[in-house]
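Single-structure report; data block below.
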Amino acid sequence: MNFFKKQKAKGQLMQAFKSGKLHLTYKNGKTEYFIMPKIHAVIEKRSKMVYVFSIPTGLDPKEIHKKKWVFQQQFGPRVDVLQENKKFTLIVYDGAYQEAFQWSYDDIAPVVYDYKLPIICGKDKNGEWMSYDMVKHPHLLIAGETGSGKSTQVRSILTTLIKTLSPDDLHMYLADMKRSEFHLFRRVEHVEKVCTKPSELMVILQKLKREAQKRGDLLDENEVMHVDDLPRKLPYVLLCIDEVALLKKDKEIMNIVEEVSSIGRALGIFLILSMQRPDAKVLDGKLKINLTVRMGFRCADDYNSRIVGTPGSEDILASEAGRMIMKLEQLQEVQAPFLEDDKAKKVLERYKVERKEEKESIREETNKNQIFGVLDE
Ligand SMILES: Nc1ncnc2c1ncn2[C@@H]1O[C@H](COP(=O)(O)OP(=O)(O)OP(=O)(O)O)[C@@H](O)[C@H]1O
């Protein structure tokens, strides 16, 4: 921030202190003297300004919190005041405040109608929808601390895909390493398999490897670069792994995931990976390069947000669930739509079929004794 901008910002804060009488006053004869709070730093961050100040001894710290409205009058409605002893941090967010909002397919459908594989992200500060076509930007990483809104976002993305594409055009494989999220997608027509164990995921990955091989051969035979250019349409395949970091010690699994991330784009095989704590070891090498789209929900610190590739997500407040820094072509702050578990269940009800459950239970039964080769049919 240049010198003049910093001075102007300091002046505005001083003005707020004066208007709210947030200072000590003493008189010497007829003259009044003020002891003002001391401004230690003014830091400009992406989409916000941070002021650090301390108050003079004798001024009640509660006054600063009670008079938050003074800062709002000076800087606009979107301010936060944090306190550590005598030191305060005032955060002034720029732009309009993007309130939380509900997922509604009626609102989303017109936004995504011309995408082949639509990923709905949320709304930016101006209330504009953010979305993209996964066929153009394959492989997505979603990261964020517990309670930051990551699982809700995965739920919203998958539900939107199910509503938009037919089960002939999209085959989903869902790996739920925490056993907490994907149960509501069981028996959905588009969902080939929901698994919760690494051994089951390995079966899926072996299948996807063979599928990739077949698709690669087809591209060669037909002398085309992308499955969309084949004479016969093939379904897109989506593998979504929740809490992928739990698999980091499983080298064989991680190697195939990495391989899919490298070759999937042309073959119509895509990944959505989510993790609570960004792990530099998991996001290493090829995987890091190939997960081109990132959604960084609130994370612990700037070390973590750097690993995700979404600087600024460490500054998202705990009260801002569903807020993220998104990296597509550029970094952008986005509020994700809120889709509750119960509502998703209702939306998905009409896509549930008996057939798939039977198929799954048969597979699971077979898998008990024989892990490999089950899906070779
Ligand atoms: N898009 C959103 N808009 C508003 N509130 C949200 C949104 N997403 C999540 N929340 C709120 O945050 C809570 C936690 O969300 P969620 O379960 O998605 O977090 P999480 O990061 O996946 O946590 P965990 O890893 O523990 O599952 C929700 O119950 C809801 O109250």
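Just so you know, these numbers come straight off a predicted model, no measurement behind them. Order of appearance sets the numbers: ligands from 1, and atoms from 1 within every ligand. Residues: numbered from 1 along the sequence shown.
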If the cut-off is 4.0 Å to any non-hydrogen atom of [X], which atoms of ligand 1 fall inside it?
X    : result
Q335 : 3 (N)
K178 : 24 (P), 25 (O), 27 (O)
T152 : 8 (N), 9 (C), 15 (O), 16 (P), 18 (O)
S148 : 19 (O), 20 (P), 21 (O)
S151 : 18 (O), 20 (P), 22 (O), 27 (O)

| task | Could you check which of V334, T146, L339 puts a non-hydrogen atom nearest to atom 26 (O) of ligand 1? | result | T146
Taking non-hydrogen atoms only, is [X] closer than 4.0 angstrom to ligand 1 via side chain, backbone, both or neither?
X    : result
A100 : side chain
Q276 : side chain
P337 : backbone
E145 : backbone

| field | Heteroatom proximity flag, A336 to ligand 1, N/O under 3.5 Å | value | yes
| said: With respect to G144, determine whether any N or O atom, backbone or side chain, lies less than 3.5 Å from an N or O atom of ligand 1. | reply: no
| query | Does a side-chain N-to-carboxylate-O contact under 4.0 Å join E349 and K345? | reply | no
| Salt-bridge contact D242-K178 (side-chain N to carboxylate O under 4.0 Å) | no
Top protein contact for [atom], by heavy-atom distance:
atom                    : result
atom 31 (O) of ligand 1 : F338 CZ, 4.1 Å
atom 12 (O) of ligand 1 : A321 CB, 3.4 Å
atom 25 (O) of ligand 1 : K150 NZ, 2.9 Å
atom 19 (O) of ligand 1 : G149 N, 3.1 Å
atom 23 (O) of ligand 1 : G147 N, 2.7 Å

| query | Going by atom types alone, do D176 and T196 pair a side-chain donor with an acceptor below 3.5 Å? | reply | no
| task | Would you kindly say whether T160 and W103 are connected by a side-chain donor-acceptor distance under 3.5 Å? | result | yes
What class does the angle between the rings of [X] and [Y] fall in, given that below 30° is parallel, 30 to 60° is tilted and above 60° is perpendicular?
X    : Y    : result
H23  : F34  : tilted
Y132 : H137 : perpendicular
F17  : F53  : perpendicular

| request: Cation-pi check, K116 to Y236: give yes when NZ or CZ is under 6.0 Å from the six-membered ring centre and within 45° of the ring axis, no otherwise. | output: no
| message | Can you tell me how far apart CG (L59) and CD1 (I35) are? Round to the nearest 0.5 Å. | response | 10.0 Å
| note | Here the gap from D169 atom CG to T164 atom OG1, rounded to the nearest 0.5 Å, amounts to 11.5 Å
| task | Would you confirm whether any non-hydrogen atom of the protein falls under 4.0 Å from atom 29 (O) of ligand 1? | result | no
| Pair Y51 + F75: ring centers closer than 6.0 Å | yes
